[in-house]
Each structure stands twice: as structure tokens, then as C-alpha cells.
Amino acid sequence: MSIEEITASELNPEQFIAEQVAAICDTVGEGLAINALSGGVDSSAVTMLSHKALGDRLKTYFIDNGLMRQDEPQQTVALFAELGVHVELLDAQDEFLDALAGITDPEEKREAVTQTFYKNVFGRLVRESGAKHLLQGTILTDVDETVAGIKRQHNVFEQLGIDPQEAFGYQIIEPLIQLRKDGVRKVAEALGLPESVYSKMPFPGPALAARVIGEVTRERLALVRQVTVIAEAELADIDAFQYMAILHEDRVTGMREGQRDFGLQIEIRCWDSVDARTATPTRLRWEVLEKLSSRIVSEVPGVVSVTYNIATKPPSTMEVV
Ligand code: XMP
């Protein structure tokens, strides 16, 4: 089934919201629905849209998969509480980290996160709640890239011939599937979400697992999380589509206190893009890069190399995994 795109320029956010609220009410009927909030613009828009449609008949969870950025779970739950939406925080860190143990292949990592999320953690929540519907923030770019075989997005099933009802026991509703990121931002703003959310930089479904090359362990996640805090602070004023820090698998020779130190490599990426389909590296000022590098090597133990990616998408993709 082909999906009819609604471009950001032709989108009427109020009309879109009214239509989607009506469609959600129609599909869910008198039943219960469930959704997972990650704090990104897509899942935040879906949460507000679905609460508008279903009120208390929607249960929203933040699943702490252990792969999120520093304090992200608690901050997201607190922000939605301010907006009057109760979000249940569920600690599923062990389950995700166990599923990722020993895996180094990028697609297998993505698959491990997907299966743990949809089949185990979410499947269990849906069964316990009695909900028949799951609302999720799939957008058109997720579908395009999965169908093209570029990258298996975390949240795309039907287009791959996977019947969510059969595979996981629930039906998936995707109110944003006709939009791209720029359209979702307009809808999020019209839904009353704050700018910190509607302008928020994208963050991938597999979260920091997409930024660790090689095995994802607690220690390696903690390291990339610490570097991410530095990168996001130093690049906060840069007008870019997205920026990120990546932990490489290979170690390289460095030196510390006159001794050889076979250390870790961090790669920084910062992208200019409109809709994530193509992207070019931002021409960062040398001083910005220098400050990033000096903070990372001095504050993060074991790092001896910091690089900045200058290849475009394509042939690169924005995330490394
Ligand atoms: P790539 O790496 O495919 O990224 O060039 C394009 C955009 O998509 C984000 N991304 C994801 N988003 N689930 C998501 O919801 C995913 O599995 C996923 N992988 C990548 C990425 O951060 C970028 O904004």
C-alpha cells in the first residue's frame, strides 16, 4: 500500500489534528490504547494527539531501555506531567542490555532493540493492560529508508510484510505516517507542545545503541552518554539538523604522561539537512571543534582520538549503526 505524503508546506496542522483525532477515536472505539513516549517530537506529538482523542483510555509509558541520554527518562516524564499528561516510567534496562550482549552487527543490534521493545516489554504491557491498539510515531522517512533496505527502522513493520497483530498481538496505529519531520514539528507546535519539544533534534529509536560501534555494554554506553553531554553542550548554539557523538570499536595508539596509551576513538557528526533524506556536514568553526576535542580527551577517561565526519549522506547515513 502506498502512503500519500502530506508535505509541510501543504499541511494545515489544525485540520490534520482534527482528522487524526477523529480517526483514532474511530479505530479504538470504546477500547483501551497504549503508547510509548521517548520524548522526541514524533512520539510527543502522538502522545498529545492520542490523549486528545482518548483521554484516560490511553496509557502512556516511558520505557527506560538503558540506552537513553543523561536524565532523559525523568526529564521527559516531568515535562509531560506539567502538560497534564501522566506518563508511567518503566525500568527495562536489564532486559535491553541482556538482549544486546555479544551482538556487534548493526542490523542485529537494531533487531534486538526492536524485538525486546515490541515483543517482550511492550507486548507484556499490552497483554496486562488489555489494550488492543498501540499508537506510534512512525513517519514517512522511516518507511522510505526501511523499504529501500538502507536501514531497518525501529518502528516499521507492515511495509516489511510483518503483521503486528500476528507478531505481537496488537494493532498499530500510525497517525503521523504521511508526514516528514518538518510536518511533525508543525503539528507538535499546534498541539501546544513547548519549543524544547517541537524543535527538538531527532534521536533514533535504538538510541545510544546506534552510536556505539561494536558491542553495546553498560560501560560503553556510559562512555558515549558522557561524551554526548559534552557534544550537546558545545554544539547547542549551532543551527544544525542533528549532532551526535559516536564511540568507535577500534582502539588507536595515543600517549599520556609519556607512556603509550592504546585508547578509544570518538567521532563527532553534525548534520545540515531538511528532512534527513540527504545531509551535509555542518561547516563548524575550528574553535568549536578544538573545544569539543579538548573537553572530550580531558574529561572522558581513555579517549585519545576525536574526529569530525566530513562525508555527506549519501553515501554516509546520519547514524553509524
Ligand atoms: P540515518 O542514520 O538513517 O538517519 O541517515 C536518518 C534520521 O533518522 C534517525 N534514525 C532513526 N529514527 N528509529 C527512528 O525513529 C530508528 O531506528 C532510526 N535510525 C535513525 C536518525 O537519528 C536521523 O535523524
Side-chain angles (χ1 to χ4, degrees), residues 35-47 62-63 65 67-69 72 76 96 99-100 103 105-118 122 134-160 162 172 174-177 179-185 188 197-213 216 224 228 231-232 235 238 240-246 267-282 309 311-321:
N35 83 313
L37 171 68
S38 69
V41 63
D42 304 342
S43 69
S44 296
V46 165
T47 300
F62 188 107
I63 293 173
N65 53 15
L67 311 173
M68 304 308 284
R69 285 168 291 188
E72 204 163 21
T76 306
F96 280 88
L100 284 162
I103 301 180
D105 177 78
E107 289 296 290
E108 283 179 27
K109 268 198 244 178
R110 285 177 166 265
E111 192 57 18
V113 175
T114 303
Q115 290 298 326
T116 307
F117 185 87
Y118 288 96
F122 228 67
L134 166 65
L135 282 132
Q136 79 175 10
T138 319
I139 65 170
L140 198 48
T141 315
D142 300 340
V143 176
D144 284 349
E145 300 220 326
T146 302
V147 172
I150 297 165
K151 210 171 265 194
R152 169 83 156 77
Q153 299 281 344
H154 174 233
N155 52 0
V156 175
F157 300 106
E158 272 178 43
Q159 292 76 13
L160 292 171
I162 299 168
I172 294 182
E174 298 167 311
L176 309 179
I177 200 150
L179 307 178
R180 296 197 188 270
K181 209 57 143 194
D182 43 359
V184 179
R185 293 193 193 285
V197 176
Y198 71 73
S199 297
K200 197 169 183 175
M201 196 164 61
F203 189 62
L208 294 177
R211 297 180 181 172
V212 172
I213 303 178
V216 179
V224 85
T228 300
E232 293 192 352
L235 298 173
I238 303 291
F241 180 87
Q242 192 172 10
Y243 37 82
M244 62 197 69
I246 294 147
E267 177 185 341
I268 301 292
R269 293 184 175 191
C270 181
W271 296 108
D272 290 336
S273 177
V274 175
D275 57 16
R277 281 185 290 186
T278 60
T280 50
T282 308
N309 169 66
T312 56
K313 171 184 179 175
S316 178
T317 56
M318 293 168 100
E319 306 286 349
V320 281
V321 166

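In this chain, numbering begins with 1 at the start of the sequence shown. Counting convention: from 1, in listed order, for ligands and their atoms alike. Computed from a predicted model, the values in this text were never measured in an experiment.
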*Side-chain contact test, heavy atoms from C-beta onward, threshold under 4.5 Å: evaluate it for T141 versus K181 and give yes or no.*
no

*Y243 versus I268: any side-chain heavy-atom pair under 4.5 Å?*
no

*Look at ligand 1 and say whether P206 reaches it with a heavy atom at a distance under 4.0 Å.*
yes

*Is the backbone of V212 close enough, under 3.5 Å, to the side chain of K109 for a donor and an acceptor to pair up by distance?*
yes

*asked:* How long is the straight-line distance from CD1 of I139 back to CG of L179, given to the nearest 0.5 Å?
replied: 8.0 Å

*asked:* Geometry only, no angles: is G205 polar-contacting ligand 1 at N/O separations under 3.5 Å?
replied: yes

*asked:* For atom 9 (C) of ligand 1, tell me which residue out of S43, P204, A209, G40 has the closest non-hydrogen atom.
replied: P204

*Provide the number and element of each atom of ligand 1 under 4.0 Å from a heavy atom of K313.*
1 (P), 3 (O), 5 (O), 6 (C)

*So is R211 polar-close to ligand 1, meaning N/O to N/O under 3.5 Å?*
no

*Nitrogen or oxygen of R110 less than 3.5 angstrom from that of ligand 1*: yes

_Residues in salt bridge (charged side-chain N to carboxylate O under 4.0 Å, His left out) contact with E267, at least two apart in sequence or another chain_ = R269

*Heavy-atom contacts under 4.0 Å between P202 and ligand 1: side chain, backbone, both, or neither?*
side chain

Show which side-chain atoms of residues 202-211 pair as donor or acceptor with protein atoms under 3.5 Å away, not counting sequence neighbours.
from, atom 1, to, atom 2, distance (Å)
R211, NE, E319, OE1, 2.8
R211, NH2, E319, OE1, 3.4
R211, NH2, E319, OE2, 2.9

*Distance filter under 4.0 Å to M318 heavy atoms, resulting ligand 1 atoms*: 1 (P), 2 (O), 4 (O), 5 (O), 6 (C), 23 (C)

